[in-house]
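Data first, discussion second: the structure below is written as structure tokens.
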Amino acid sequence: MAILGSKVIYQMWREKEKLLGCGCYGQVALVNWNGKPAALKKAKSKTYKDCFRKEARILKALQGAGGAPILYGMKTVPPVLLVSYKGSRRLSDIMTDDSFDLLRVGLEIGYKLREIHTAGYVHSDLKDDNVMVEGSPEAPEVSIIDYGLTCLSGKRIYLTGNPETHPWYAPEVLKQQPSTYAADVFSYGYLMKGILETRPQRYKILDELFKQAMNANPHRRPTLNFMIKVIEDYTTSPQSDMNDADPDKN
Ligand SMILES: Nc1ncnc2c1ncn2[C@@H]1O[C@H](COP(=O)(O)OP(=O)(O)O)[C@@H](O)[C@H]1O
Ligand SMILES: [Mg+2]
């Protein structure tokens with residue numbers, strides 16, 4: 001991991017290939033780093049120094065688990081992270097793309113989220129524009145990005161927001177209570193509900209599963225492993241689609 005100098009950052013930014021995104025913390029551009037494509041994330045304000053430092057620490061600890069980008073370099077003032085490039089297609093960009101089996105993509109997201117949990121972390125901000133999808137529709141490769149709110153399970157992240165405008169956050173997280181794996185289960189349930197809504201049929205068992213995942217009480221939510229098992233049954237045996245499809249919705 002390199003400590004980047006201002007000149008190098010300025011040059012990379014000036015010669016950027018394109019802007020990849022703008023989030024609430026800053027801008028991200030596709031740049032060239034020693035002949036490799038890389039994503040350069042620049043903070044909007046110096047006050048995000050600690051957030052960027054924390055994100056860098058978590059990326060180092062994850063070492064690619066969950067598809068997390070690899071940290072190539074950083075600078076604290078002004079705050080900058082240079083990480084591996086994960087393509088330019090977010091889950092939010094393919095929500096209406098029929099060539100992808102989104103339920104299968106959703107299952108892959110579940111596997112990646114499980115890797116983050118196995119490393120001891122709660123992502124805390126799982127949503128469709130924090131998931132990158134590379135590869136072909138037949139073999140999609142999923143990466144969960146944006147570890148700005150990630151914490152160890154049981155810690156508080158002091159987030160404020162209105163549940164109506166931020167519906168993917170678990171209610172306890174918005175009340176500054178501890179974030180646990182169940183908070184990610186809530187966000188995963190919300191994301192998977194969005195995926196199901198893109199399908200012409202209804203899947204009663206999955207509908208119910210994602211509703212339970214979004215229970216206001218974290219203790220009443222299913223575990224991530226249980227959710228993965230149920231979704232696996234759907235994606236590996238197409239027959240269950242037929243049994244469960246609701247003829248009323250079409
Ligand atoms: N490693 C990466 N590879 C490709 N695109 C990225 C990468 N990191 C971020 N992006 C793009 O930039 C956007 C904002 O980055 P993100 O890390 O989510 O910042 P914020 O914390 O501001 O939301 C993402 O939604 C994505 O489109
Ligand atoms: Mg983001």
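Whatever order the structure lists ligands and atoms in, that order sets their numbers, starting from 1. Only a predicted model underlies this, so the values are computations on that prediction, with no experimental measurement involved. These numbers come from the heavy atoms of this one structure, side chains and all, not from hydrogens, waters or symmetry mates.
- Taking both residues in full, the closest heavy atoms of Val122 and Ser179 are given as CG2-O, 3.9 Å, listed atom of the first, atom of the second, then distance.
- A distance of 4.5 Å separates CG in Leu209 from CE in Met227, rounded to the nearest 0.5 Å.
- Ion pairing between Asp233 and Lys229 holds under the 4.0 Å rule for side-chain N and carboxylate O.
- For Asp125, every N, O or S atom stays at 2.8 Å or more from the Mg ion (ligand 2).
- With respect to Glu108 and Lys112, no salt bridge is recorded, no charged nitrogen being found less than 4.0 Å from a carboxylate O.
- Residue Val28 holds the heavy atom nearest to atom 15 (O) of ligand 1 of all those in Val28, Leu91, Ile70.
- Listed by atom number, the atoms of ligand 1 under 4.0 Å from Gly21 heavy atoms are 12 (O), 13 (C).
- Contact record, Asn215 with Phe186: O-CD1, 4.1 Å, taken as the closest heavy-atom pair.
- Side-chain polar atoms of Tyr169 and Asp125 form a donor-acceptor pair below 3.5 angstrom.
- Residue Asn130 touches ligand 1 through its side chain alone, judged by heavy-atom distances below 4.0 Å.
- Numbered from 1 in the order shown, with element, the atoms of ligand 1 that lie under 4.0 Å from a heavy atom of Ser84 read 1 (N), 2 (C).
- At the shortest separation from atom 23 (O) of ligand 1 among protein heavy atoms lies Asp146 OD2, 3.0 Å.
- Residue Gly87 has at least one heavy-atom neighbour below 4.0 Å for each of these atoms of ligand 1: 4 (C), 5 (N).
- Judged purely by distance below 3.5 Å, without hydrogens or angles, the side chains of Asn225 and Thr223 never pair a donor atom with an acceptor atom.
- For atom 7 (C) of ligand 1, the nearest protein heavy atom (residue, atom name, distance) is Ala39 CB, 4.0 Å.
- Remark: Lys204 does not engage Asp207 in a salt bridge, criterion side-chain N to carboxylate O under 4.0 Å.
- Remark: ligand 1 and Tyr85 share no N or O pair separated by less than 3.5 Å (distance only, no angle test).
- Residues Ser92 and Asp129 approach most closely at OG-CB, 3.8 Å, considering heavy atoms.
- Considering only non-hydrogen protein atoms, atom 22 (O) of ligand 1 sits nearest to Gly23 CA, 2.9 Å.
- Protein heavy atom closest to atom 27 (O) of ligand 1, with residue, atom name and distance, is Arg90 CD, 3.1 Å.
- Heavy-atom proximity to Ile145, at under 4.0 Å, picks out these atoms of ligand 1: 8 (N), 9 (C), 10 (N), 24 (C), 26 (C).
- Around the Mg ion (ligand 2), the two atoms OD2 of Asp146 and OD1 of Asn130 are separated by an angle of 90°, to 10 degrees.
- Residue nearest to atom 3 (N) of ligand 1, selected from Lys86, Gln27, Lys44: Lys86 (by heavy-atom distance).
- Under a 4.0 Å N-O distance rule, the pair Arg221/Glu172 qualifies as a salt bridge.
- If you look at Cys22 next to ligand 1, there are no close heavy atoms at all, none under 4.0 Å.
- Metal site remark for the Mg ion (ligand 2): Tyr25 contributes no N, O or S atom at a distance under 2.8 Å.
- Side-chain contact check for Glu232 and Tyr111: at least one donor-acceptor pair (N or O, by modelled atom type) lies under 3.5 Å.
- Remark: Arg220 CZ is loosely packed, at most 12 non-hydrogen atoms of other residues, nucleotides or ligands lying under 6.0 Å away.
- The N/O atoms of Lys41, backbone and side chain alike, include one that comes under 3.5 Å of an N/O atom in ligand 1.
- Counting only heavy atoms of the protein, atom 25 (O) of ligand 1 lies nearest to Asp129 O, 2.8 Å.
- For ligand 1, the atoms closer than 4.0 angstrom to any heavy atom of Val83 are 1 (N).
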